[in-house]
Amino acid sequence: MTDSWATFDADLHLEPVGQGLRSGLMEALREAVRSGRLTPGTRLPSSRVLAADLGVARNTVADAYAELVAEGWLTARQGSGTRVAQRSAPRRADPAAAPSRPARSGAGYNLKPGSPDLSAFPRTAWLKAARKALTAAPDEAFGYGDPHGRVELRTVLAEYLARARGVYADPERIVICSGFAHGLTLLGRVLRRREVRDVAVESYGLDVHRDLLTDAGLRTPCLPLDEHGSRTGEPAALRGAGAVLLTPAHQFPTGVPLHPDRRAAAVDWARSTGGLILEDDYDGEFRYDRQPVGALQGLDPERVVHLGTASKSLAPGLRLGWMVLPRSLVGEVVAAKGVSDWTSGSPDQLTLAEFIASGAYDRHVRSMRLRYRRRRDQLVAALAERAPGIEVSGIAAGLHAVLELPAGAERSVIQAAAFQGLALDGLARYRHPDAPAARDALVIGYGSPSESAWAGALDALCRVLP
């Protein structure tokens, strides 16, 4: 059976048998756009009006509109209604033209969080440090390596972390690892051997970190989170946990710092229970509205493990990270790592040591802090002009920002972005399976694009926002 309706100067032919009313309506609208009966810019009636005209439920029309917006056939903006999207007509292939190169796979722009601007890696300064470090390196530096890590790197890290992050450190407390995930894997093994069963994690965070703890045989109960950070002051939230994983300087992904009272409450819990705090200081150097808050580890070096990496400040490809450990934990972590350092190459460790000691690391961080602050300011300004209903939440810090969306809009915006070649993550992507859904939002990694790609990525983002 075929039903035909004439509405907004176009005939829609709906064949509900075998595909359903919504699917049939979507295909009828697509065909109307393809054939030119619905021209670009044509305003469609509201879902209520069209549902009444067609004699179907309003949700059927609203869902069809939302899917077609996500696919790029339609656009929807507050105050402008639903319209047919502007679409370029496909060009006929020129038979005489030379074969074109295959289209590049993947998104045209990437605003997913987790990566710095890789094009800004300081190649010249790094090469200079590598030459100096390798020239001075003793022969034994090219052997299998001490699982503690090179003493040259641990020595300069102790000084740098004390100065820049307020960490109480000496070289003997530091163990070099190949990044945060490696460090967390080692700590998971140690905690399990200590008969810890539960490591509390924040209700929003990276699933890969939860998986690493789970693989070590640990449970990962959910720690509630609000605008002041994780709710460490509630005894029930940490009952039974032997450790807790926190991002206190800049919670990932919500972007809030841990309130001073809750920092103190976390340390009090660790002291009273013998528990450990695993502090992920992934982007602690990047704060734009004030001086960075010091690391939590400084409040109690014997109850807090401080974990940092060069992944955000330099590049994840270096595979260099560090743990500043309580004295009682050093031997166990080194034993878990093994009798030799199989993960972090000595030449790269020596290069980073020279890079920090020469002052090049500080200069690079200062330069990137200015770059990322400028990008965040440009993001906020662009939203104020082109999407004034979208609020940026969280502090001015790090390499990502959280954009609050209208309820129910997160999924459709991500789908629309994908159609436009823009890779985005929603807040739901980072929610703990046991945490209640709180709000719709985007987690925008403004650090990821290169300088040349940033303007285009920002423009593409503004086009898909409601």
Side-chain angles (χ1 to χ4, degrees), residues 65-80 82-83 85-88 104-120 204 250 252-255 283 286 288 312 368 370-431 439-466:
Y65 276 5
E67 287 293 322
L68 291 173
V69 167
E71 292 176 8
W73 294 92
L74 307 177
T75 61
R77 291 189 179 276
Q78 188 173 2
S80 182
T82 304
R83 297 179 181 270
Q86 299 288 339
R87 297 170 62 84
S88 300
R104 184 180 62 177
S105 61
Y109 296 111
N110 181 15
L111 287 177
K112 291 191 174 189
S115 176
D117 181 353
L118 301 179
S119 69
Y204 283 84
H250 185 220
F252 184 86
T254 64
D283 65 0
F286 296 108
Y288 313 126
K312 301 298 183 293
M368 298 311 295
L370 291 173
R371 176 176 297 198
Y372 296 140
R373 177 177 183 172
R374 183 171 64 249
R375 289 190 185 183
R376 190 181 191 280
D377 290 346
Q378 290 168 344
L379 171 63
V380 172
L383 294 175
E385 178 182 352
R386 300 178 58 181
I390 303 299
E391 175 190 354
V392 179
S393 63
I395 60 173
L399 279 66
H400 77 276
V402 178
L403 275 54
E404 304 293 335
L405 296 175
E410 182 176 315
R411 183 177 178 184
S412 62
V413 170
I414 293 171
Q415 289 175 335
F419 185 81
Q420 299 292 333
L422 175 63
L424 296 177
D425 273 348
L427 187 60
R429 154 78 176 78
Y430 301 99
R431 180 164 55 86
R439 64 193 202 260
D440 284 53
L442 299 176
V443 184
I444 301 300
Y446 53 77
S448 301
S450 65
E451 281 287 271
S452 61
W454 166 240
L458 181 56
D459 181 63
L461 172 65
C462 291
R463 286 201 307 269
V464 300
L465 291 174

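Sequential numbering from 1 along the given sequence is applied to the chain's residues. Keep in mind the model is a prediction, meaning the values are calculated, not measured.
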Look only at the side chain of [X] and the backbone of [Y], and say whether a donor-acceptor pair between them is shorter than 3.5 Å.
X    : Y    : value
Q420 : V464 : no
E410 : A441 : yes
R375 : P449 : yes
D425 : V443 : no
S115 : S448 : no

Search all heavy atoms of [X] against all heavy atoms of [Y] and return the closest pair with its distance.
X    : Y    : result
K312 : P116 : O-CB, 3.4 Å
A401 : L379 : CB-CD2, 3.9 Å
A457 : L111 : O-CD1, 3.8 Å
A120 : R371 : CB-NH1, 3.3 Å
D117 : S450 : OD1-CA, 3.4 Å
A76  : T82  : CB-OG1, 4.2 Å

**Message:** I'd like to know if E451 pairs up with R374 as an ion pair, taking the criterion as any Lys NZ or Arg NE/NH1/NH2 lying under 4.0 Å from an Asp or Glu carboxylate oxygen.
**Reply:** yes
State the [atom1]-[atom2] distance between [X] and [Y], to the nearest 0.5 angstrom.
X    : Y    : atom1 : atom2 : answer
L399 : Y446 : CG    : OH    : 6.5 Å
R439 : T254 : CZ    : OG1   : 6.5 Å
Y288 : L370 : OH    : CG    : 9.5 Å
L422 : I414 : CG    : CD1   : 10.5 Å

Compare all side-chain heavy atoms of [X] with those of [Y] and state whether any distance is below 4.5 angstrom.
X    : Y    : value
L427 : P253 : yes
P113 : R429 : no
L442 : I390 : no
L465 : L405 : yes
I444 : V392 : no
H400 : F252 : yes

**Message:** For Y109 and L424: C-alpha separation, side-chain torsions, deciding distance, then whether side chain to side chain contact (heavy atoms under 4.5 Å, CB included) applies.
**Reply:** CA-CA 9 Å; Y109 296 111; L424 296 177; over 6 Å; no
**Asked** Which residues pass the ring pair (Phe, Tyr, Trp, His ring centres under 6.0 Å) test with F286, sequence neighbours left out?
**Response** Y372
**Message:** I need the full list of salt bridge (Lys or Arg N to Asp or Glu O under 4.0 Å) pairs touching residues 385-402, with sequence neighbours left out, sorted by first then second residue.
**Reply:** R386-D459
